[in-house]
Number of protein chains: 2
Amino acid sequence: MKNIPDIVIHRLPIYLRALDLMARAGQDITSSQELSDRLGISSAQIRKDLSHFGEFGKQGTGYDVEFLRQQLRRILHVDRVWDMALVGAGDLGRALAHYRGFKNRGFRIAAIFDVDPEKVGKELAGIHIEHVSTVPEALPKRGIRIGIIAVPTEAAQEVADLLVRGGVQAILNYAPIRLAVPEHVRVEYIDPVIALQSMTYYLGNEGGESKTAIQPNECSS
Amino acid sequence: MKNIPDIVIHRLPIYLRALDLMARAGQDITSSQELSDRLGISSAQIRKDLSHFGEFGKQGTGYDVEFLRQQLRRILHVDRVWDMALVGAGDLGRALAHYRGFKNRGFRIAAIFDVDPEKVGKELAGIHIEHVSTVPEALPKRGIRIGIIAVPTEAAQEVADLLVRGGVQAILNYAPIRLAVPEHVRVEYIDPVIALQSMTYYLGNEGGESKTAIQPNECSS
DNA sequence: TAGATTGTTAATCGATTAACAATC
DNA sequence: TAGATTGTTAATCGATTAACAATC
């Protein structure tokens, strides 16, 4: 189990999500072909990806949904619950604090920080809001190793520095900026505009593709 | 300009974001090397990516920040403002409606829909909330070609169907589920848990990496 | 000019796919 | 058994990188 390509690691949560759904629907068995159909990833690739970690299927039958699900949870280390620190109690922080989707997938927001004295001391989703300056001391004390940045762009790097001082090893960054962090710290970025812009490339201009317009005539040369 | 690899398209918004920042900081000139340092993408790759679309730099000098920025905006079709329909006026929808980051990057939420009669008719971020059932007729009327799904998982596919009937060609989906859509419709997914799970893989278990533990002694064999 | 950096080529590297023996 | 599907190999495909002539 040495040095699995990062791109493979990034597909595992996709597989897990599909298996969660199947398990919840009461499905017992699946196959690389069925997963392929549901996910748009080739069945050969799914089998190859999984084969990095062991032999989880049975020839002629496929995969036991619950078994494979547990294996992936183990591999991804989400067969436990990770406490996370949320920094930023604005609209986005509020949405994340209330998000139901963490619960059964291995995560929980365990602490919330903000810089606004108006907010500090209040509660959000049942959690006491603390001042952001206390991040470096608070996190190690509580064994928190993951941070979420949901603050304005200008404050993001500063917050990242505080999280790093607090010993986090993984950061989920919602600010549209690349963070400078020590190389033992992982960062994943969520920027809706980046996603949108990669789609508008394909959309072309104006209503319904009127790009052919005024072309200098090359046909009658 | 035929058939640029999708992975190249997905990097262009990253370049643009960096150029936006440089432009705002008053920087006039940059180079593939500087971009490389800032983005963690090799300078050769940046030059190669850009070369798919034209020659934007000058040997010995580098790139004019503002010029390259305008070129990327043109290529990505964000030298205009795209109206978007937001479906779901819960916590996430609220955060998106208030998000300042769309404004100068080519996007605007122009309509908001929800299924809750309590919310319909009210305003959110200055926009009238309409009933989700009116999506198919409302969008074409207003020239909206992009939809954002911010509803509970169970409703996501149904909402996607309404958006498709409304003629959208791009969907940004926040629900943790893969959508079935016609192939002319593009979908990008935002699921924070997927991002988190791909980081916990690398975190290992428990506090501070105590994995070496109880190893059968191989040294004194 | 001398120094710097582009755009591009060819070589390298890595990921995906097709195919099939193994086997349930 | 016959049919199905895995795990894996080898071939293919595509993306990244190194290097450099062109040139500002």
Side-chain angles (χ1 to χ4, degrees), chain A residues 1-16 18-19 22 27-72 74-75 198 201-202, chain B residues 1-16 18-19 22 27-72 74-75 198 201-202:
Chain A
M1 205 175 295
K2 51 323 50 210
N3 247 38
I4 315 291
D6 194 58
I7 196 166
V8 172
I9 302 304
H10 275 78
R11 278 192 296 262
L12 299 185
I14 308 280
Y15 303 155
L16 177 54
L19 290 162
M22 290 173 173
Q27 185 176 341
D28 290 326
I29 299 289
T30 187
S31 67
S32 59
Q33 189 52 58
E34 186 186 30
L35 284 164
S36 171
D37 294 340
R38 281 176 77 130
L39 301 177
I41 297 171
S42 82
S43 63
Q45 179 151 94
I46 292 169
R47 292 198 301 278
K48 185 128 214 287
D49 285 352
L50 295 176
S51 76
H52 282 105
F53 303 95
E55 310 192 356
F56 304 127
K58 222 189 296 212
Q59 283 103 324
T61 309
Y63 302 92
D64 182 286
V65 169
E66 193 52 35
F67 175 75
L68 183 54
R69 181 167 167 267
Q70 293 307 338
Q71 293 303 310
L72 284 175
R74 178 180 57 74
I75 292 163
S198 73
Y201 168 81
Y202 296 100
Chain B
M1 207 174 297
K2 60 291 84 194
N3 247 39
I4 315 291
D6 195 58
I7 195 165
V8 172
I9 301 304
H10 275 78
R11 278 192 295 262
L12 299 185
I14 307 281
Y15 303 155
L16 177 54
L19 290 162
M22 289 173 173
Q27 185 176 341
D28 289 327
I29 299 289
T30 187
S31 67
S32 59
Q33 188 52 57
E34 186 186 30
L35 284 165
S36 172
D37 294 339
R38 281 175 76 129
L39 301 176
I41 297 171
S42 81
S43 63
Q45 180 152 92
I46 292 170
R47 291 198 301 278
K48 185 132 216 286
D49 284 353
L50 295 176
S51 77
H52 283 103
F53 303 95
E55 309 192 357
F56 303 127
K58 220 188 297 211
Q59 283 103 324
T61 309
Y63 302 91
D64 181 286
V65 169
E66 193 53 34
F67 176 75
L68 183 54
R69 180 167 167 267
Q70 293 307 338
Q71 292 304 310
L72 285 174
R74 179 180 56 74
I75 292 163
S198 73
Y201 168 80
Y202 296 100

A.B. asks: Ser51(A) has a side chain; which of dG7(D), dT5(D), dT17(C) sits nearest to it?
C.D. replies: dG7(D)
A.B. asks: Using atom OH of Tyr63(A) as one end and atom P of dT5(D) as the other, report the distance to the nearest whole Å.
C.D. replies: 11 Å
A.B. asks: Determine whether Arg69(A) and Asp64(A) satisfy the following criterion, side-chain contact (heavy atoms from CB on, under 4.5 Å), listing intermediate values before the conclusion.
C.D. replies: CA-CA 8 Å; Arg69(A) 181 167 167 267; Asp64(A) 182 286; over 6 Å; no
A.B. asks: If you apply the rule side-chain contact (heavy atoms from CB on, under 4.5 Å), what do you find for Ile41(B) with Leu35(B), and how did you get there?
C.D. replies: CA-CA 8 Å; Ile41(B) 297 171; Leu35(B) 284 165; over 6 Å; no
A.B. asks: Just the rounded figure in Å: distance from C1' of dT6(D) to CZ of Arg47(A).
C.D. replies: 6 Å
A.B. asks: With rounding to the nearest 0.5 Å, note down the distance linking OG in Ser36(B) to CD1 in Ile46(B).
C.D. replies: 5.0 Å
A.B. asks: With no hydrogens and no angle check, just 3.5 Å: does a side-chain donor-acceptor pair link Asp6(A) and Tyr202(B)?
C.D. replies: yes
A.B. asks: Could you state the atom-to-atom distance from CG of Asp49(A) to P of dG7(D) in whole Å?
C.D. replies: 12 Å
A.B. asks: If we check side chain to side chain contact (heavy atoms under 4.5 Å, CB included) with Tyr63(A), which of these qualifies: Glu34(A), Arg47(A), Gln71(A)?
C.D. replies: Arg47(A)
A.B. asks: Based on Watson-Crick and G-U pairs with both distances under 3.5 Å, what dot-bracket line describes DNA chain D 5' to 3', crossing pairs as [ ] and inter-strand pairs as |?
C.D. replies: ..||||||||||||||||||||||
A.B. asks: Encode nucleotides 10-15 of chain C as B, S and - characters from 5' to 3', where the letter depends on protein heavy atoms closer than 4.0 Å: B to the base, S only to sugar-phosphate, - to neither.
C.D. replies: -----S
A.B. asks: Can you find a side chain N or O atom of Ser42(A) that sits less than 4.0 Å from OP1 or OP2 on dT16(C)?
C.D. replies: no
A.B. asks: Would you sort out whether Leu72(A) and Leu50(A) count as a side-chain contact (heavy atoms from CB on, under 4.5 Å), showing the intermediate values?
C.D. replies: CA-CA 9 Å; Leu72(A) 284 175; Leu50(A) 295 176; 4.2 Å; yes
A.B. asks: Using a cut-off of 4.0 Å on non-hydrogen atoms, how would the nucleic acid contact of Ser43(A) be classed: base, sugar-phosphate, or nothing?
C.D. replies: nothing
A.B. asks: What's the CZ-P distance between Phe67(A) and dT6(D), to the nearest Å?
C.D. replies: 14 Å
A.B. asks: To the nearest Å, give me how far apart CG (Leu35(A)) and C1' (dT6(D)) are.
C.D. replies: 13 Å
A.B. asks: Where do Ser198(A) and Pro13(B) come nearest, in terms of heavy atoms and distance?
C.D. replies: N-CG, 4.0 Å
A.B. asks: Compare side-chain N and O positions of Ser32(B) against OP1 and OP2 of dT6(C) and report whether any pair is under 4.0 Å apart.
C.D. replies: yes
A.B. asks: Round to the nearest Å and state the distance from Glu55(B) atom CD to dC24(D) atom P.
C.D. replies: 10 Å
A.B. asks: In whole angstrom, what separates Tyr15(B)'s OH from dT6(C)'s P?
C.D. replies: 13 Å
A.B. asks: Would Asp28(A) and Val65(A) count as a side-chain contact (heavy atoms from CB on, under 4.5 Å) here? Give the steps.
C.D. replies: CA-CA 5 Å; Asp28(A) 290 326; Val65(A) 169; 5.8 Å; no
A.B. asks: Not counting sequence neighbours, which residues clear side-chain hydrogen bond (donor to acceptor under 3.5 Å, both in side chains) with Gln33(A)? List them please.
C.D. replies: Asp37(A)
A.B. asks: In whole Å, I'd like the distance from the NZ atom of Lys58(B) to the P atom of dG7(C).
C.D. replies: 12 Å
